[in-house]
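Everything below concerns the one structure shown next.
Every number for a ligand or one of its atoms is a count from 1 in the order of the listing.
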Amino acid sequence: MGEDQLSAEAGSPIESRSIGGCGSDMANRATPFLESHWYVAAWAGEIGTTPLARTILDRRIVLYRDAAGVVAALADRCPHRSYPLSRGEVKGDRIVCGYHGIEFGRDGRCALVPSTGNAPGALRVRAYPVVEQGPFVWIWMGDPAAPRHDRLVDQPWFTEPGWAHVTGYFPMRAHYLGLHENLMDLSHFPFLHGVAVGKPEHATARPKVTVEGNVVRSVVEHRDVTVMPAYGRRAGFAGPVDRVSESVVPTPAIHLGKVVMREASGRGEAHVRYIVHCPTPETEHSTHYFWAMARSHFIDDEDIDAEMRALGEKAFREDKAALEAIEELVVAERDPAFRERLIASDEAGVQLLRALARMEREDRADAVAVGA
Ligand code: FES
Ligand SMILES: [Fe+2]
C-alpha cells in the first residue's frame, strides 16, 4: 500500500498523508478552491437594501437586494478607483459607488456616470449568478456566463410545507476541508461533544461507506441514543431510540446529513431530521460555516426549535473550536515533513477528500476543454 492510502480493513495498518503537499490523491490545503459550484453566500434574511460585503473563495463580493427584492451579487470593487461598492448604497435597482457616484445594475453594467451623464460599456463589474432557495442564497463561483443549474441541490425540507427548520452561522478561522472531514467522522462525537451527542461505544460503530462517481455516502446505525428532552417528551419516546445517520456530500458546498429515529422497540413511525452543513471557503485560512436543521415532526413547537438551535450552537461550535485549534497549529508550525496518520475510522473522510480531488481535476480539465 502506497502513501496516502487507507486500508478498508478494520483496524488496519495506519497510513499517513501530507497535509499541504501537491501530488496527493486527496484534496488538501494545496488544492485550489473548486470554483464551478454553488456555495452559500448568505442567509436570505441577511441580505437587504444595505450592501453586505462578504469574501467568498478569496473574492470580495457585495450582496444586496434591489427595489424589487431580487438578490444581486457583484464584485465588491468599483472599476473606476477600486472603492468597495459595499461602502455605497442601493437606490432602486442600482448600487451607487460611494466615491464618485457611478451607478451599476444587477448585471454589473454601468448605468450612469454622474459627472459625464453617460454609461460607458467598459465600466463594468463582474456579476455572479445567484439563486435564492428557502433560507439559502447560493452563489455560482465558476464562469458567470455558464452557471451549472444541474449542480444545485434540491432541498424540499427547506422550501416545502410540512417541515420546520432552524439555521445558524459561524465564522470559522480554519480551512474548509477540515470541516468536511470532521463531518464525515462520527467517531469523534463522544469525545469532542460529550454524552449529549454520542456514547463512547458509538465511536466504534463502523459506517458503511460507498462512492458513486464523486459522491461519497456514509451510513451508520446507533442503538440506544438519547433524544433531546423536549423532542422525546413530545414524541412520547419512552426511552432511548435507534438512529440511522446518513451523510452525503453531493457538492463541495454541502454536507447533507439525514437522521432517522425510531423507538428502540422498532414500533412507531420514523422521525426524520436533515442536518445540513454548508462550508463556504472564505480564504485559505477561514470558512463561512452555515448550518441548518429541518424536521418532519412537531413543526409548530418553538421549544423544539430552541432545543435544536441550542444543540447546533453547542456541538458545531465545539467542532469549530477544534478545527480552529488545528489551523492555528498547522499555520504556526510549518513542518513540511509532518505527516498525519490515518486510522480505519477515517475511511469516509479519506474517500471524500479523494472525491474532491477528482472533482477539482475534472473541473480543471473541463475548463481547459472549453477554453481550447
Ligand atoms: S471609485 Fe467608484 S465611482 Fe470612483
Ligand atoms: Fe462534531
Side-chain angles (χ1 to χ4, degrees), residues 51 53 60-62 64 74-91 94-105 108-127 168 170 172 174 176-200 202-203 205 207 218 220 222 225-226 228 243 245-247 249 255-257 259 273 275-279 287 289-293 308 310-327 345-346 348-349 352:
R60 303 288 185 91
I61 290 167
V62 56
Y64 63 92
L74 300 179
D76 191 14
R77 183 171 185 167
C78 180
H80 177 224
R81 284 289 177 272
S82 293
Y83 193 66
L85 289 175
S86 55
R87 289 175 171 246
E89 60 179 344
V90 176
K91 275 195 184 157
R94 299 177 184 175
I95 188 165
V96 182
C97 180
Y99 202 172
H100 307 95
I102 295 179
E103 301 180 11
F104 300 92
R109 292 175 195 272
C110 175
L112 179 68
V113 178
S115 58
T116 58
N118 65 346
L123 276 174
R124 190 168 179 176
V125 289
R126 175 172 175 171
F170 297 121
M172 186 172 77
Y176 84 107
L177 288 176
L179 182 56
H180 269 307
E181 201 170 18
N182 164 284
L183 294 166
M184 271 298 185
D185 156 31
L186 305 187
S187 70
H188 75 270
F189 277 23
F191 305 102
L192 193 62
H193 302 305
V195 290
V197 175
K199 296 160 83 173
H202 294 161
S218 169
V220 66
H222 287 146
V225 180
T226 310
M228 292 184 292
R243 179 175 75 189
S245 302
E246 179 183 76
S247 290
V249 180
H255 179 107
L256 182 56
V259 175
R273 185 178 307 155
I275 305 173
V276 179
H277 307 261
C278 298
T287 301
Y289 181 0
F290 297 92
W291 58 265
M293 296 188 209
M308 287 172 76
L311 179 72
E313 287 286 337
K314 176 187 180 296
F316 306 153
R317 194 180 291 280
E318 287 164 348
D319 291 317
K320 161 186 147 78
L323 295 169
E324 288 181 340
I326 291 168
E327 184 80 22
S345 58
D346 293 329
L352 174 59

Would a distance-only check, ignoring hydrogens and angles, find a side-chain to backbone donor-acceptor pair under 3.5 Å from S218 to S247? no
Under 2.8 Å from atom 4 (Fe) of ligand 1, is there any N, O or S atom belonging to H100? yes
Can you tell if the side chain of V276 reaches within under 4.5 Å of the side chain of F290, non-hydrogen atoms only? no
Atom 4 (Fe) of ligand 1 to nearest N/O/S of C97 less than 2.8 Å: no
What is the minimum heavy-atom distance between F170 and K320, and which atoms define it? CB-CD, 3.7 Å
For the Fe ion (ligand 2), what is the closest N, O or S atom on D319? OD1
Show which atoms of ligand 1 fall inside a sub-4.0 Å distance from at least one heavy-atom site of H80. 1 (S), 3 (S), 4 (Fe)
Look at the rings of H80 and H100 and say which category their plane angle falls in: under 30° parallel, 30 to 60° tilted, over 60° perpendicular. perpendicular
Which ligand 1 atoms does Y83 reach within 4.0 Å, using its non-hydrogen atoms? 1 (S)
Is any N, O or S atom of D185 under 2.8 Å away from the Fe ion (ligand 2)? no
Which of the ligand 1 atoms, numbered from 1, are nearer than 4.0 Å to a heavy atom of R81: 1 (S)
Within ligand 1, which atoms have a heavy atom of I102 less than 4.0 Å away? 3 (S)
Confirm or rule out an N/O/S atom of C78, from backbone or side chain, lying less than 2.8 Å from atom 2 (Fe) of ligand 1. yes
Could you tell me the separation between the CG atom of L323 and the CG atom of L177, rounded to the nearest 0.5 Å? 11.0 Å
Quick one: closest heavy-atom pair of V62 and A75, and the distance? CG1-O, 4.1 Å
Over 60° means perpendicular and under 30° means parallel, so classify the ring planes of H277 and H255, tilted if in between. perpendicular
